[in-house]
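Single-structure report; data block below.
By convention here, the first residue in the shown sequence is residue 1. Note that ligands are numbered from 1 as they come in the structure, with each ligand's atoms numbered from 1 the same way. What you see below is based on every heavy atom in this structure, not just the backbone, and it leaves out hydrogens, waters and symmetry mates.
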Amino acid sequence: MTDKQTTAAWQDADHRSYLHPFTDYKQLQQASSRIITRADGIYLWDSDGNRLLDGMAGLWCVNVGYGRQELADAARDQMNELPYYNSFFQTAHPPAIELTELLAEISPSGMQRTFLTNSGSEANDTVIRMVRRYWDLMGQPERKVIISRERAYHGSTIGAASLCGMPDMHTQGGLPIPDIVHIEAPYHYANGNGRSREDFGRHAAQALQAKIEELGADRIAAFIGEPVQGAGGVIIPPDTYWPEVQRICKKFGILLVVDEVICGFGRLGHWFGTDYYGLEPDLMPIAKGLSSGYLPIAGVMVHERVADVLIERGGEFFHGFTYSGHPAACAVAAANIRILRDEQIVEQVADELGPYFRARWNELGSHPLVAEARSIGLMGALELINEDAEGVDEKRGAVGTACREACMSNGLVMRAVYDTMIVSPPLIITHSEIDELIEKASLSLDRIAQES
Ligand SMILES: *Cc1c(COP(=O)(O)O)cnc(C)c1O
(Lines give C-alpha, C1' and ligand atoms only; values in the text may rest on other atoms or scores of the structure.)
Protein backbone atom coordinates (compact mmCIF):
# COMPACT_ATOMS: atom_id res chain seq x y z
CA MET A 1 0.00 0.00 0.00
CA THR A 2 1.10 3.57 -0.62
CA ASP A 3 1.28 6.02 2.26
CA LYS A 4 -1.95 7.58 1.00
CA GLN A 5 -3.79 4.25 1.05
CA THR A 6 -2.48 3.47 4.52
CA THR A 7 -3.60 6.89 5.71
CA ALA A 8 -7.07 6.43 4.24
CA ALA A 9 -7.39 3.05 5.96
CA TRP A 10 -6.45 4.56 9.32
CA GLN A 11 -8.89 7.41 8.79
CA ASP A 12 -11.75 5.04 7.95
CA ALA A 13 -11.09 2.95 11.03
CA ASP A 14 -10.82 6.13 13.09
CA HIS A 15 -14.25 7.24 11.88
CA ARG A 16 -15.69 3.80 12.70
CA SER A 17 -14.34 3.19 16.18
CA TYR A 18 -12.61 5.99 17.98
CA LEU A 19 -14.43 8.59 20.11
CA HIS A 20 -11.82 11.34 20.51
CA PRO A 21 -11.45 13.63 23.55
CA PHE A 22 -12.57 17.29 23.23
CA THR A 23 -13.97 16.78 19.74
CA ASP A 24 -17.10 17.73 17.78
CA TYR A 25 -18.06 14.25 16.56
CA LYS A 26 -20.24 15.37 13.71
CA GLN A 27 -17.56 17.68 12.42
CA LEU A 28 -14.93 14.94 12.64
CA GLN A 29 -17.09 12.51 10.66
CA GLN A 30 -16.96 15.03 7.81
CA ALA A 31 -13.23 15.65 8.16
CA SER A 32 -10.21 13.36 8.49
CA SER A 33 -7.82 12.98 11.35
CA ARG A 34 -4.17 13.58 10.77
CA ILE A 35 -2.54 10.31 11.79
CA ILE A 36 0.68 10.82 13.73
CA THR A 37 2.96 7.83 13.48
CA ARG A 38 6.34 8.75 14.98
CA ALA A 39 8.36 11.49 16.60
CA ASP A 40 11.91 12.52 17.40
CA GLY A 41 13.26 15.55 19.25
CA ILE A 42 10.78 18.36 18.60
CA TYR A 43 9.38 16.86 15.38
CA LEU A 44 6.38 14.67 14.57
CA TRP A 45 5.75 12.72 11.38
CA ASP A 46 2.33 11.88 10.01
CA SER A 47 1.33 8.76 8.07
CA ASP A 48 1.98 10.54 4.76
CA GLY A 49 5.54 11.29 5.81
CA ASN A 50 4.99 15.01 6.45
CA ARG A 51 7.18 16.49 9.17
CA LEU A 52 5.67 18.84 11.76
CA LEU A 53 7.48 21.01 14.30
CA ASP A 54 5.59 20.32 17.52
CA GLY A 55 5.17 23.79 18.96
CA MET A 56 2.91 22.42 21.71
CA ALA A 57 5.15 19.60 23.07
CA GLY A 58 2.19 17.26 22.59
CA LEU A 59 -0.25 18.78 25.07
CA TRP A 60 2.29 20.90 27.00
CA CYS A 61 3.96 17.76 28.28
CA VAL A 62 6.88 16.43 26.23
CA ASN A 63 9.42 18.59 28.06
CA VAL A 64 12.51 16.50 27.26
CA GLY A 65 11.42 15.96 23.64
CA TYR A 66 10.54 12.77 21.81
CA GLY A 67 12.73 9.72 21.34
CA ARG A 68 14.62 9.60 24.66
CA GLN A 69 15.96 6.05 24.88
CA GLU A 70 16.55 6.33 28.66
CA LEU A 71 12.81 6.69 29.24
CA ALA A 72 11.93 3.70 27.07
CA ASP A 73 14.61 1.68 28.89
CA ALA A 74 13.31 2.73 32.31
CA ALA A 75 9.80 1.53 31.38
CA ARG A 76 11.03 -1.75 29.92
CA ASP A 77 13.37 -2.54 32.82
CA GLN A 78 10.67 -1.80 35.39
CA MET A 79 8.09 -3.88 33.52
CA ASN A 80 10.48 -6.81 33.53
CA GLU A 81 11.23 -6.40 37.25
CA LEU A 82 7.77 -5.54 38.68
CA PRO A 83 5.15 -4.46 36.14
CA TYR A 84 2.47 -3.70 38.70
CA TYR A 85 1.84 -3.56 42.35
CA ASN A 86 -0.22 -1.18 44.45
CA SER A 87 0.47 0.95 47.50
CA PHE A 88 -2.73 0.13 49.37
CA PHE A 89 -2.73 -1.88 52.64
CA GLN A 90 0.71 -0.76 53.88
CA THR A 91 2.74 -1.85 50.86
CA ALA A 92 5.00 0.14 48.55
CA HIS A 93 7.66 -0.45 45.90
CA PRO A 94 11.01 1.15 45.08
CA PRO A 95 9.98 3.21 42.01
CA ALA A 96 7.21 5.08 43.87
CA ILE A 97 9.42 5.69 46.89
CA GLU A 98 12.32 6.89 44.74
CA LEU A 99 10.11 9.20 42.73
CA THR A 100 8.55 10.87 45.76
CA GLU A 101 12.01 11.34 47.29
CA LEU A 102 13.26 12.94 44.08
CA LEU A 103 10.23 15.24 43.96
CA ALA A 104 10.90 16.40 47.52
CA GLU A 105 14.50 17.18 46.52
CA ILE A 106 13.62 19.41 43.59
CA SER A 107 10.54 21.08 45.02
CA PRO A 108 10.14 24.31 46.96
CA SER A 109 10.97 23.93 50.63
CA GLY A 110 8.50 21.98 52.69
CA MET A 111 6.73 20.19 49.84
CA GLN A 112 8.01 16.93 51.26
CA ARG A 113 5.23 14.48 50.38
CA THR A 114 3.43 13.43 47.22
CA PHE A 115 0.14 11.60 46.63
CA LEU A 116 0.37 9.89 43.23
CA THR A 117 -2.40 9.77 40.61
CA ASN A 118 -2.60 8.99 36.87
CA SER A 119 -3.70 12.32 35.45
CA GLY A 120 -3.86 16.00 36.29
CA SER A 121 -7.63 15.69 36.53
CA GLU A 122 -7.32 13.02 39.19
CA ALA A 123 -4.74 15.17 40.94
CA ASN A 124 -7.23 18.03 41.12
CA ASP A 125 -10.05 15.76 42.29
CA THR A 126 -7.59 14.64 44.96
CA VAL A 127 -7.05 18.30 45.84
CA ILE A 128 -10.78 18.80 46.41
CA ARG A 129 -11.01 15.72 48.62
CA MET A 130 -7.78 16.39 50.50
CA VAL A 131 -8.56 20.05 51.19
CA ARG A 132 -11.98 19.16 52.59
CA ARG A 133 -10.51 16.29 54.59
CA TYR A 134 -7.94 18.72 56.02
CA TRP A 135 -10.58 21.16 57.22
CA ASP A 136 -12.66 18.32 58.70
CA LEU A 137 -9.62 17.22 60.68
CA MET A 138 -9.04 20.83 61.74
CA GLY A 139 -12.53 20.88 63.21
CA GLN A 140 -13.84 23.37 60.62
CA PRO A 141 -15.97 21.18 58.34
CA GLU A 142 -17.94 24.19 57.10
CA ARG A 143 -14.87 25.30 55.15
CA LYS A 144 -15.76 23.67 51.84
CA VAL A 145 -15.69 26.39 49.21
CA ILE A 146 -12.85 26.38 46.71
CA ILE A 147 -12.26 29.59 44.79
CA SER A 148 -10.96 29.20 41.24
CA ARG A 149 -10.78 31.58 38.28
CA GLU A 150 -12.35 32.25 34.94
CA ARG A 151 -10.40 30.71 32.04
CA ALA A 152 -8.76 28.25 34.44
CA TYR A 153 -8.08 24.72 33.23
CA HIS A 154 -7.74 22.05 35.90
CA GLY A 155 -8.93 18.91 34.08
CA SER A 156 -12.01 17.13 32.88
CA THR A 157 -13.34 14.81 35.58
CA ILE A 158 -16.43 16.11 37.39
CA GLY A 159 -14.45 17.72 40.20
CA ALA A 160 -11.62 19.07 38.04
CA ALA A 161 -14.02 20.32 35.35
CA SER A 162 -15.91 22.15 38.09
CA LEU A 163 -12.67 23.90 39.03
CA CYS A 164 -12.21 24.94 35.39
CA GLY A 165 -13.36 28.40 34.45
CA MET A 166 -14.55 27.35 30.98
CA PRO A 167 -18.24 28.12 30.50
CA ASP A 168 -18.56 25.62 27.62
CA MET A 169 -17.52 22.77 29.89
CA HIS A 170 -20.03 23.83 32.52
CA THR A 171 -22.93 23.75 30.06
CA GLN A 172 -22.61 19.95 29.89
CA GLY A 173 -23.50 17.70 32.78
CA GLY A 174 -24.71 20.20 35.35
CA LEU A 175 -21.37 21.64 36.43
CA PRO A 176 -19.89 23.03 38.56
CA ILE A 177 -20.56 20.87 41.60
CA PRO A 178 -21.60 22.84 44.72
CA ASP A 179 -19.12 25.00 46.64
CA ILE A 180 -16.84 25.84 43.75
CA VAL A 181 -16.85 29.49 42.70
CA HIS A 182 -14.88 31.53 40.19
CA ILE A 183 -13.32 34.98 40.14
CA GLU A 184 -11.84 37.12 37.39
CA ALA A 185 -8.60 36.00 35.69
CA PRO A 186 -5.52 38.27 35.73
CA TYR A 187 -5.86 38.69 31.96
CA HIS A 188 -4.58 42.17 31.25
CA TYR A 189 -5.04 42.08 27.47
CA ALA A 190 -8.74 41.18 27.69
CA ASN A 191 -9.79 42.77 30.97
CA GLY A 192 -7.25 45.54 31.59
CA ASN A 193 -9.63 48.34 30.56
CA GLY A 194 -6.83 50.88 30.24
CA ARG A 195 -5.27 50.09 33.61
CA SER A 196 -1.48 49.64 33.77
CA ARG A 197 -0.36 46.00 34.17
CA GLU A 198 0.72 46.62 37.77
CA ASP A 199 -2.49 48.30 38.71
CA PHE A 200 -4.60 45.64 37.02
CA GLY A 201 -2.66 42.84 38.78
CA ARG A 202 -3.58 44.27 42.18
CA HIS A 203 -7.15 44.81 41.04
CA ALA A 204 -7.54 41.18 39.86
CA ALA A 205 -6.09 39.90 43.15
CA GLN A 206 -8.59 42.02 45.06
CA ALA A 207 -11.35 39.94 43.45
CA LEU A 208 -10.17 37.11 45.72
CA GLN A 209 -10.58 39.19 48.86
CA ALA A 210 -13.97 40.43 47.68
CA LYS A 211 -15.18 36.85 47.10
CA ILE A 212 -13.90 35.71 50.50
CA GLU A 213 -15.69 38.58 52.21
CA GLU A 214 -18.86 37.98 50.22
CA LEU A 215 -19.10 34.30 51.20
CA GLY A 216 -17.53 34.56 54.66
CA ALA A 217 -13.95 33.51 55.35
CA ASP A 218 -15.10 30.71 57.64
CA ARG A 219 -16.63 28.93 54.63
CA ILE A 220 -13.56 29.12 52.35
CA ALA A 221 -11.28 26.09 52.13
CA ALA A 222 -8.82 27.05 49.42
CA PHE A 223 -7.89 29.12 46.40
CA ILE A 224 -6.57 27.30 43.31
CA GLY A 225 -4.66 28.82 40.39
CA GLU A 226 -2.16 28.00 37.68
CA PRO A 227 0.96 30.21 38.00
CA VAL A 228 0.46 31.08 34.31
CA GLN A 229 -2.93 30.02 32.92
CA GLY A 230 -2.15 27.63 30.08
CA ALA A 231 -5.19 26.32 28.20
CA GLY A 232 -7.00 29.59 28.94
CA GLY A 233 -4.55 31.27 26.52
CA VAL A 234 -1.11 31.57 28.17
CA ILE A 235 -2.34 34.27 30.52
CA ILE A 236 0.73 35.72 32.23
CA PRO A 237 -0.32 37.58 35.38
CA PRO A 238 1.16 41.00 36.10
CA ASP A 239 4.01 40.84 38.64
CA THR A 240 1.78 42.48 41.24
CA TYR A 241 -0.78 39.67 41.14
CA TRP A 242 0.66 36.64 42.95
CA PRO A 243 2.22 38.46 45.94
CA GLU A 244 -1.19 39.96 46.65
CA VAL A 245 -2.99 36.61 46.25
CA GLN A 246 -0.47 34.97 48.59
CA ARG A 247 -0.99 37.75 51.15
CA ILE A 248 -4.79 37.42 50.99
CA CYS A 249 -4.66 33.61 51.42
CA LYS A 250 -2.47 34.03 54.49
CA LYS A 251 -4.58 36.83 55.91
CA PHE A 252 -7.75 34.71 55.80
CA GLY A 253 -6.02 31.42 56.62
CA ILE A 254 -7.13 29.66 53.44
CA LEU A 255 -5.06 27.05 51.65
CA LEU A 256 -3.19 28.03 48.49
CA VAL A 257 -3.26 25.37 45.77
CA VAL A 258 -0.86 26.07 42.89
CA ASP A 259 -1.66 23.93 39.85
CA GLU A 260 1.79 23.19 38.42
CA VAL A 261 0.58 20.75 35.77
CA ILE A 262 1.93 22.94 32.94
CA CYS A 263 4.35 25.29 34.70
CA GLY A 264 6.14 22.53 36.62
CA PHE A 265 9.28 20.75 35.40
CA GLY A 266 11.03 23.66 33.76
CA ARG A 267 8.49 25.40 31.55
CA LEU A 268 9.19 28.82 33.12
CA GLY A 269 12.93 28.25 33.56
CA HIS A 270 12.50 27.07 37.15
CA TRP A 271 11.52 23.66 38.44
CA PHE A 272 8.09 25.07 39.31
CA GLY A 273 6.06 28.19 38.64
CA THR A 274 5.97 28.46 42.42
CA ASP A 275 9.74 29.10 42.37
CA TYR A 276 9.38 31.68 39.61
CA TYR A 277 6.79 33.68 41.56
CA GLY A 278 8.19 32.97 45.06
CA LEU A 279 4.98 31.33 46.29
CA GLU A 280 4.43 29.20 49.37
CA PRO A 281 1.73 26.74 48.29
CA ASP A 282 0.03 24.26 50.58
CA LEU A 283 -0.77 21.81 47.76
CA MET A 284 0.71 21.47 44.27
CA PRO A 285 -0.94 19.29 41.62
CA ILE A 286 1.65 18.06 39.10
CA ALA A 287 1.37 16.02 35.86
CA LYS A 288 2.36 16.47 32.18
CA GLY A 289 6.11 17.36 32.33
CA LEU A 290 6.48 15.03 35.34
CA SER A 291 7.01 12.15 32.89
CA SER A 292 7.34 14.30 29.75
CA GLY A 293 4.12 12.51 28.78
CA TYR A 294 5.90 9.19 28.10
CA LEU A 295 3.56 7.41 30.53
CA PRO A 296 0.50 8.72 32.37
CA ILE A 297 1.39 9.85 35.87
CA ALA A 298 0.51 12.81 38.06
CA GLY A 299 0.24 13.70 41.71
CA VAL A 300 -0.37 16.23 44.45
CA MET A 301 2.62 17.53 46.36
CA VAL A 302 1.68 18.37 49.93
CA HIS A 303 3.35 20.82 52.29
CA GLU A 304 4.38 19.56 55.73
CA ARG A 305 1.91 21.86 57.44
CA VAL A 306 -0.96 20.04 55.66
CA ALA A 307 0.59 16.56 55.72
CA ASP A 308 1.20 16.84 59.47
CA VAL A 309 -2.51 17.34 60.06
CA LEU A 310 -3.45 14.39 57.82
CA ILE A 311 -0.93 12.19 59.61
CA GLU A 312 -1.17 13.26 63.24
CA ARG A 313 -4.94 13.46 63.50
CA GLY A 314 -5.19 9.97 61.99
CA GLY A 315 -8.11 8.15 60.42
CA GLU A 316 -8.14 6.65 56.94
CA PHE A 317 -8.22 8.94 53.89
CA PHE A 318 -10.73 6.99 51.78
CA HIS A 319 -9.17 7.88 48.45
CA GLY A 320 -6.81 6.35 45.89
CA PHE A 321 -6.56 4.67 42.52
CA THR A 322 -5.62 1.16 41.40
CA TYR A 323 -2.80 2.70 39.42
CA SER A 324 -1.67 5.31 41.99
CA GLY A 325 2.12 5.12 41.82
CA HIS A 326 2.23 2.67 38.91
CA PRO A 327 5.77 1.23 38.96
CA ALA A 328 6.59 1.74 35.27
CA ALA A 329 5.19 5.27 35.24
CA CYS A 330 7.13 6.12 38.41
CA ALA A 331 10.35 4.74 36.93
CA VAL A 332 9.86 6.81 33.77
CA ALA A 333 9.05 9.96 35.76
CA ALA A 334 12.16 9.53 37.92
CA ALA A 335 14.32 9.00 34.81
CA ASN A 336 12.73 12.08 33.23
CA ILE A 337 13.51 14.24 36.29
CA ARG A 338 17.11 13.01 36.22
CA ILE A 339 17.40 14.02 32.55
CA LEU A 340 16.02 17.49 33.33
CA ARG A 341 18.43 17.80 36.26
CA ASP A 342 21.61 16.22 34.85
CA GLU A 343 21.36 17.94 31.47
CA GLN A 344 20.55 21.25 33.20
CA ILE A 345 17.58 21.73 30.94
CA VAL A 346 15.74 23.94 33.43
CA GLU A 347 18.74 26.27 33.73
CA GLN A 348 19.05 26.46 29.94
CA VAL A 349 15.44 27.57 29.64
CA ALA A 350 16.14 30.35 32.17
CA ASP A 351 19.52 31.50 30.84
CA GLU A 352 19.50 30.80 27.11
CA LEU A 353 16.39 29.49 25.46
CA GLY A 354 13.76 31.56 27.26
CA PRO A 355 15.44 34.92 26.54
CA TYR A 356 16.15 33.93 22.92
CA PHE A 357 12.60 32.69 22.40
CA ARG A 358 11.20 35.90 23.90
CA ALA A 359 13.30 38.13 21.62
CA ARG A 360 12.23 36.23 18.51
CA TRP A 361 8.59 35.84 19.59
CA ASN A 362 8.36 39.59 20.23
CA GLU A 363 9.25 40.14 16.56
CA LEU A 364 5.92 38.56 15.65
CA GLY A 365 4.30 41.35 17.66
CA SER A 366 4.99 43.75 14.80
CA HIS A 367 2.99 41.67 12.29
CA PRO A 368 -0.08 43.64 11.18
CA LEU A 369 -2.45 40.90 12.43
CA VAL A 370 -0.94 40.70 15.90
CA ALA A 371 -2.26 42.89 18.69
CA GLU A 372 -0.01 41.55 21.45
CA ALA A 373 2.89 39.08 21.66
CA ARG A 374 3.74 37.82 25.14
CA SER A 375 5.89 35.04 26.50
CA ILE A 376 7.40 33.62 29.66
CA GLY A 377 10.01 30.87 29.78
CA LEU A 378 9.17 28.62 26.84
CA MET A 379 5.52 29.46 26.40
CA GLY A 380 4.07 32.22 24.29
CA ALA A 381 0.84 33.74 23.04
CA LEU A 382 -0.15 35.99 20.14
CA GLU A 383 -3.38 37.94 20.37
CA LEU A 384 -5.09 38.14 16.99
CA ILE A 385 -6.27 40.36 15.64
CA ASN A 386 -5.15 43.90 15.72
CA GLU A 387 -8.08 46.28 15.93
CA ASP A 388 -6.64 48.19 12.94
CA ALA A 389 -6.57 45.10 10.71
CA GLU A 390 -8.91 45.05 7.75
CA GLY A 391 -12.31 43.43 8.27
CA VAL A 392 -11.73 42.84 11.98
CA ASP A 393 -15.35 42.22 12.77
CA GLU A 394 -15.94 39.39 10.28
CA LYS A 395 -12.69 37.72 11.29
CA ARG A 396 -13.33 37.73 15.01
CA GLY A 397 -13.56 34.15 16.24
CA ALA A 398 -12.41 32.66 12.91
CA VAL A 399 -8.89 33.96 12.58
CA GLY A 400 -7.48 31.66 15.27
CA THR A 401 -8.69 28.52 13.53
CA ALA A 402 -7.50 29.86 10.16
CA CYS A 403 -4.08 30.54 11.62
CA ARG A 404 -3.89 27.09 13.21
CA GLU A 405 -4.71 25.47 9.85
CA ALA A 406 -2.18 27.65 8.02
CA CYS A 407 0.48 26.65 10.57
CA MET A 408 -0.35 22.97 10.08
CA SER A 409 0.08 23.23 6.33
CA ASN A 410 3.38 25.03 6.93
CA GLY A 411 4.55 22.16 9.15
CA LEU A 412 4.01 23.78 12.56
CA VAL A 413 1.70 22.68 15.37
CA MET A 414 0.44 25.84 17.04
CA ARG A 415 -2.79 25.88 19.02
CA ALA A 416 -5.64 28.40 18.90
CA VAL A 417 -7.72 29.42 21.92
CA TYR A 418 -10.42 31.41 20.13
CA ASP A 419 -8.27 34.11 18.46
CA THR A 420 -5.25 33.67 20.70
CA MET A 421 -2.41 31.58 19.24
CA ILE A 422 -0.31 29.70 21.77
CA VAL A 423 2.92 27.70 21.76
CA SER A 424 4.77 25.69 24.37
CA PRO A 425 7.55 23.76 22.63
CA PRO A 426 9.73 20.98 24.12
CA LEU A 427 12.37 22.42 26.44
CA ILE A 428 15.18 20.86 24.39
CA ILE A 429 14.43 23.08 21.37
CA THR A 430 17.60 24.68 19.93
CA HIS A 431 18.15 28.26 18.77
CA SER A 432 17.89 27.27 15.12
CA GLU A 433 14.71 25.30 15.80
CA ILE A 434 13.26 28.40 17.53
CA ASP A 435 14.16 30.32 14.35
CA GLU A 436 12.29 27.70 12.32
CA LEU A 437 9.25 27.93 14.59
CA ILE A 438 9.18 31.74 14.25
CA GLU A 439 9.64 31.59 10.49
CA LYS A 440 6.80 29.12 10.05
CA ALA A 441 4.53 31.13 12.34
CA SER A 442 5.38 34.30 10.46
CA LEU A 443 4.68 32.71 7.05
CA SER A 444 1.35 31.45 8.35
CA LEU A 445 0.37 34.90 9.58
CA ASP A 446 1.30 36.33 6.16
CA ARG A 447 -0.81 33.70 4.46
CA ILE A 448 -3.98 34.45 6.42
CA ALA A 449 -3.37 38.20 6.08
CA GLN A 450 -3.29 37.76 2.27
CA GLU A 451 -6.32 35.48 2.14
CA SER A 452 -8.56 38.09 3.67
C1 LIG B 1 -3.82 19.43 31.47
C2 LIG B 1 -4.08 20.08 32.78
C3 LIG B 1 -4.76 19.42 33.81
C4 LIG B 1 -5.41 18.07 33.60
O5 LIG B 1 -4.50 17.07 33.38
P6 LIG B 1 -4.99 15.71 32.66
O7 LIG B 1 -3.78 14.83 32.80
O8 LIG B 1 -5.35 16.04 31.26
O9 LIG B 1 -6.13 15.19 33.42
C10 LIG B 1 -4.85 20.05 35.03
N11 LIG B 1 -4.35 21.27 35.23
C12 LIG B 1 -3.70 21.94 34.27
C13 LIG B 1 -3.13 23.28 34.56
C14 LIG B 1 -3.56 21.38 33.00
O15 LIG B 1 -2.98 22.06 32.02
Side-chain angles (χ1 to χ4, degrees), residues 20-23 56-63 114-131 146 148-166 168-169 175-176 180 182 185-187 222-237 242 256-268 272-274 276-277 279 281 283-301 321 323-326 329-330 332-333 336 376-381 415 417 420 422-427:
H20 295 209
F22 280 99
T23 293
M56 284 305 299
L59 281 177
W60 325 82
C61 54
V62 188
N63 288 13
T114 306
F115 187 101
L116 292 168
T117 70
N118 310 291
S119 69
S121 301
E122 288 177 1
N124 279 316
D125 275 38
T126 300
V127 162
I128 297 172
R129 300 203 59 194
M130 195 179 272
V131 156
I146 301 176
S148 181
R149 299 179 295 179
E150 290 163 6
R151 294 174 183 269
Y153 189 79
H154 296 295
S156 191
T157 49
I158 287 183
S162 294
L163 293 172
C164 291
M166 310 265 179
D168 287 346
M169 291 179 77
L175 301 182
I180 292 178
H182 299 82
Y187 191 4
F223 170 77
I224 183 169
E226 305 152 76
V228 173
Q229 286 175 270
V234 183
I235 299 167
I236 305 166
W242 275 114
L256 174 60
V257 184
V258 179
D259 185 337
E260 294 276 7
V261 170
I262 286 178
C263 294
F265 305 97
R267 179 62 51 199
L268 306 187
F272 296 96
T274 294
Y276 183 98
Y277 287 110
L279 302 176
L283 300 172
M284 273 181 13
I286 53 175
K288 295 196 169 115
L290 167 58
S291 64
S292 286
Y294 278 57
L295 281 179
I297 183 165
V300 182
M301 300 196 67
F321 305 102
Y323 301 125
S324 284
H326 189 282
C330 287
V332 168
N336 173 63
I376 182 168
L378 275 185
M379 63 206 291
R415 182 162 152 186
V417 178
T420 309
I422 55 180
V423 290
S424 170
L427 308 184

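Around CZ of F321, the count of heavy atoms belonging to other residues, nucleotides or ligands within 6.0 Å exceeds 12.
The side chain to side chain donor-acceptor pair (under 3.5 Å) pairs that include a residue from residues 152-166 are D125-T157, H154-D259, where partners are two or more places apart or lie in different chains.
Ring-plane geometry between Y277 and W242 is classed as tilted, the angle between the planes lying from 30 to 60 degrees on a 0 to 90 degree scale.
With sequence neighbours left out, S424 forms a side chain to side chain donor-acceptor pair (under 3.5 Å) with R267. The side chain to side chain donor-acceptor pair (under 3.5 Å) test applied to E226 returns no partner, not counting sequence neighbours.
A donor-acceptor contact shorter than 3.5 Å is absent between the side chain of T114 and the backbone of L116.
Closer than 4.0 angstrom to ligand 1 sit non-hydrogen atoms from S119, G120, S121, N124, Y153, H154, G155, E226, D259, V261, I262, K288.
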